[in-house]
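Notes to accompany the following structure.
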Amino acid sequence: MENEQKQGFNAELTEKDLKQCCKGEADCGQCKGSACIIGYAKQCIGNYRKEPKKEIPRGTEHIPTTDFKVFDELELETGIAHILKECKNCREDHTENCIINVTRNCYEVGLLGDAHPFEGSALQYLMYLKTNYPEKAARIATIYQDKKN
């Protein structure tokens, strides 16, 4: 699976995953938009859909890391697994402000409390998670390996 290369970025799937994570105004009250980790990621995906560019200028700097809302863990884990499938395993060409990396970082803030290092390899990332968050890593890996998702 590590050697599979996708063509393009599946913004539609990512947008669907983000909507699943969004708590909505019923739970949150007024939408905070880009001040919310899910709202910020949705804004980034929306901008990408309008003008498909791989890089988000200063994207990781604008992630609202002080958004302390509690999100459904399974939805966040699913989002991480799906975004890892979008990863091109760029290794040395990895950039922090790539749309995929910024989105993954948003999910991480909700699930793990902070953004975590990524070396441009989904497999290395899953191994990092297994060492530091074994239960979450197992669920993410299972979803990641599922061919239906």
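Position 1 is the first residue of the sequence; numbering continues from there. Worth knowing before you read on, the calculation uses all heavy atoms, side chains too, and leaves out hydrogens, waters and symmetry mates.
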Criterion side chain to side chain contact (heavy atoms under 4.5 Å, CB included) on I140 and L84, from CA distance to verdict
CA-CA 10 Å; I140 291 168; L84 286 175; 4.3 Å; yes
Listing, residues 126-133 side-chain donor-acceptor contacts under 3.5 Å, not counting sequence neighbours, or none:
residue : atom : partner : partner atom : Å
Y128    : OH   : H116    : ND1          : 2.8
T131    : OG1  : M127    : O            : 3.2
N132    : ND2  : Y128    : O            : 2.9
Y133    : OH   : H116    : NE2          : 3.2

In chain order, what residues pass the ring-ring contact (aromatic ring centres under 6.0 Å, His included) check against Y125, with sequence neighbours excluded?
F118
Acceptor/donor pairs from residues 21-44 side chains to any protein atom, 3.5 angstrom cut, sequence neighbours excluded:
residue : atom : partner : partner atom : Å
K23     : NZ   : V70     : O            : 2.9
Y40     : OH   : G59     : O            : 2.7

Hey, could you give me the CG/CD distance between D17 and E12, rounded to the nearest 0.5 Å?
11.0 Å
Side chain proximity check, D114 to N105, heavy atoms < 4.5 angstrom:
no
Side chain to side chain contact (heavy atoms under 4.5 Å, CB included) between E77 and I80, intermediate numbers included:
CA-CA 5 Å; E77 290 165 351; I80 289 174; 5.8 Å; no
Test side chain to side chain contact (heavy atoms under 4.5 Å, CB included) applied to L111 and E73, step by step:
CA-CA 6 Å; L111 183 64; E73 282 193 15; 3.7 Å; yes
Suppose the criterion is salt bridge (Lys or Arg N to Asp or Glu O under 4.0 Å): which pairs have a residue in residues 101-112, not counting sequence neighbours?
R104-E108
For E75, check side-chain hydrogen bond (donor to acceptor under 3.5 Å, both in side chains) against everything at least two apart and list the hits.
none
Here the side-chain hydrogen bond (donor to acceptor under 3.5 Å, both in side chains) pairs for residues 51-65, sequence neighbours left out, are E51-K53, E55-T95, R58-E61, T60-N97
Heavy-atom check, side chain of I63 versus side chain of V102, under 4.5 Å
yes
Run the side chain to side chain contact (heavy atoms under 4.5 Å, CB included) test against E15 and tell me which residues pass, sequence neighbours left out.
K19, I45, R49
Do H82 and I143 have side chains that approach each other closer than 4.5 Å (heavy atoms only, starting at C-beta)?
yes
Any side-chain heavy atom of K136 sitting closer than 4.5 Å to one from L112?
yes
